[in-house]
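Working notes for the structure below.
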Protein chains: 2
Amino acid sequence: MTEEERKRYFDIAMSSALVLFGFDGEDLKILIYRKKDEPYQNALSLPSKYVAPNETNEMIIREMLHERIGINPQNLYIEQLKAFVKVFRNPLGRVINVAYYALLKLTPEIEIQVAERGGVWVKYNDIPDLAFDHNEIVSYAKERIKRRVKRRPIGFNLLPKEFTIAQLQSLYEKALDRELDKRNFRKKIFNSNLIFETGNTTDPKEHRKIAKLYSFDAEKFERLSLKGYDFLF
Amino acid sequence: MTEEERKRYFDIAMSSALVLFGFDGEDLKILIYRKKDEPYQNALSLPSKYVAPNETNEMIIREMLHERIGINPQNLYIEQLKAFVKVFRNPLGRVINVAYYALLKLTPEIEIQVAERGGVWVKYNDIPDLAFDHNEIVSYAKERIKRRVKRRPIGFNLLPKEFTIAQLQSLYEKALDRELDKRNFRKKIFNSNLIFETGNTTDPKEHRKIAKLYSFDAEKFERLSLKGYDFLF
DNA sequence: ACAAAAGTGTTAGTGTTACACCCATGG
DNA sequence: CCATGGGTGTAACACTAACACTTTTGT
């Protein structure tokens with residue numbers, strides 16, 4: 001490559017947007033912000049950050065989670081969606097966006113931390129107009145999570161360690177965007193043998209009736225995966 | 001963004017690699033080349049090309065197909081895989097590769113044209129060591145095509161307009177990398193109602209016994225897709 | 001005559017769906 | 001006493017997987 005060619009080609013910037021799915025036991029939501037700077041000032045947008053040539057994308061995603069969102073990004077499920085490469089995405093020049101999604105269990109504390117930093121959780125099925133091509137990115141993320149939730153037990157990344165079957169079902173219903181039969185759901189989940197009773201129950205103050213709590217048996221899943229087992233919902 | 005920041009961030013190049021799947025009625029193959037220039041001189045690699053800031057990736061893929069491979073890229077199924085973004089992919093600087101795959105029906109003429117330009121078809125299950133992270137890209141493409149073939153009738157993009165059930169089955173077996181039962185396969189395919197007899201048969205000179213030829217009913221598929229129909233293999 | 005590939009049905013088992021009532025508890 | 005949400009079984013149906021022989025035709 002000549003010096004001239006180098007100048008011509010090495011003039012692209014990369015950013016990474018994050019579709020952060022959060023589940024609070026009730027609703028599945030996505031995190032967005034209001035942009036403070038140009039371009040698209042004041043528009044809503046996904047959290048997104050430039051990636052310098054010597055930085056890895058995952059590093060930047062984690063940095064963003066930590067600094068701007070106030071979340072500890074350890075043990076978070078993060079996966080690349082794809083690159084969004086339209087030529088005129090950004091008036092500054094060619095900026096391609098390599099988008100990611102991540103899954104987060106929401107707790108009241110996290111919701112407060114996020115709100116303090118200006119973050120807003122919008123419902124999975126109620127996404128407003130966003131800056132750039134971020135609506136396209138969100139659609140793509142929703143498709144991806146629908147597929148993933150059917151074939152891999154990633155839903156457990158959105159739930160606390162111990163959860164009720166009702167919470168799990170609610171999560172699946174939100175992600176797949178359709179209602180599921182209670183009895184059939186329990187059958188399927190228990191047949192998979194991937195969750196076990198913890199012996200604990202919900203706090204009787206919170207609900208009318210106490211419910212058993214379950215956990216995901218990650219170790220068993222590992223063993224089954226090795227044999228080519230396909231968790232299938 | 002300050003001028004300094006601009007300099008820092010706008011120093012990335014983008015290339016697009018192509019995993020071109022070809023099916024000749026018998027074998028499913030992938031196209032590779034031997035590199036003539038540095039880096040990785042003389043190594044085998046996927047066809048890949050830089051994308052300038054003002055060029056679209058699909059344009060570049062089509063250009064590559066046309067100029068370097070000698071294929072007319074009209075009506076070709078092309079889809080992005082994802083971005084391969086490791087920091088040290090390329091000694092020239094940060095080059096990210098937004099990889100694509102495409103599907104091609106092979107004919108003897110195309111095979112000759114490709115060979116004249118130095119292209120080599122390697123079998124789906126027999127991929128040699130490739131330059132950069134191209135083996136990783138190929139693995140990713142294989143996973144993608146396995147999934148796609150199960151849910152969308154993209155296999156028909158790899159076959160001539162009229163094909164025998166045996167050819168179709170062979171393609172599915174190669175893509176999914178397992179043997180399928182002949183009778184069950186026919187049942188499934190016919191039950192989908194997405195293919196119809198053309199009334200023609202294979203040339204009796206080519207095989208011991210003549211076979212009926214079928215075509216894919218794209219129009220019917222469109223109608224069904226709109227209703228949320230999921231072609232499922 | 002035989003090798004090679006096309007074509008054809010049945011059965012057992014598994015998984016999927018649809019569906020309704022009782023129980024415990026808090027208000 | 002009633003509203004809320006947890007928990008439970010069964011039957012019809014659809015789909016999947018396993019399996020063997022006959023036909024045609026070229027050599």
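Note that the structure is a prediction, hence the values are computed from the model and not measured. Residue numbers start from 1 in every chain, and the chains themselves are labelled A, B, ... in the order their sequence lines are given, proteins ahead of strands.
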Practice item. Carefully, step by step, assess A/Tyr140 and A/Tyr101 under the rule ring pair (Phe, Tyr, Trp, His ring centres under 6.0 Å). Key: CA-CA 10 Å; A/Tyr140 196 86; A/Tyr101 76 98; 9.7 Å; no
Review point. To the nearest angstrom, how far is B/Glu197 atom CD from C/dT8 atom C1'?
Key: 14 Å
Check your understanding: At under 4.0 Å between heavy atoms, what does B/Ile210 touch on the DNA or RNA strands: base, sugar-phosphate, or nothing?
Key -> sugar-phosphate
Review point. Just how far, in rounded Å, is P of D/dG6 from OH of A/Tyr214?
Key: 12 Å
**Study point:** Options D/dG5, D/dT16, C/dT8, nucleotide nearest the side-chain atoms of A/Lys209
**Key:** D/dG5
Exercise for review: Output the residues of residues 167-184 of chain B in contact with DNA chain D, where contact means a heavy atom of the residue under 4.0 Å from an atom of the strand; sort by number or write none.
Suggested key: B/Asp181, B/Arg183, B/Asn184
Check your understanding: Could you state the NZ-P distance from A/Lys187 to C/dC19, rounded to the nearest angstrom?
Key -> 13 Å
Point to revise | Distance-only donor-acceptor check, side chains B/Glu162 and B/Asn200, under 3.5 Å | key: yes
Point to revise | Whole-Å gap separating P (C/dA18) and CZ (A/Arg186) | key: 19 Å
Check your understanding: A/Phe190 and A/Tyr214: aromatic ring centres closer than 6.0 Å?
Key -> yes
Point to revise | Atom pair distance, as rounded to whole Å: CG in B/Asn191 and P in C/dT8 | key: 13 Å
**Study point:** Rounded distance in Å - CG (A/Asp203) to P (D/dG6)
**Key:** 14 Å
Exercise for review: May I ask you to check whether B/Gln169 and B/Glu173 show a side-chain donor-acceptor distance below 3.5 Å?
Suggested key: yes
Check your understanding: Any salt bridge between B/Arg68 and B/Glu63, counting N to O under 4.0 Å?
Key -> no
**Study point:** Gap between atoms CZ and C1', on B/Phe190 and D/dC15 respectively (whole Å)
**Key:** 18 Å
Review point. Which distance, rounded to the nearest 0.5 Å, do you find between the CZ of B/Phe84 and the NE2 of B/His134?
Key: 9.5 Å
Practice item. Would you mind classifying the nucleic acid contact of B/Lys212 as base, sugar-phosphate or nothing, using non-hydrogen atoms under 4.0 angstrom? Key: sugar-phosphate
Check your understanding: Salt bridge between A/Glu58 and A/Arg62, side-chain N to carboxylate O under 4.0 Å?
Key -> yes
Point to revise | Gap between atoms CZ and C1', on B/Phe185 and D/dT16 respectively (whole Å) | key: 15 Å
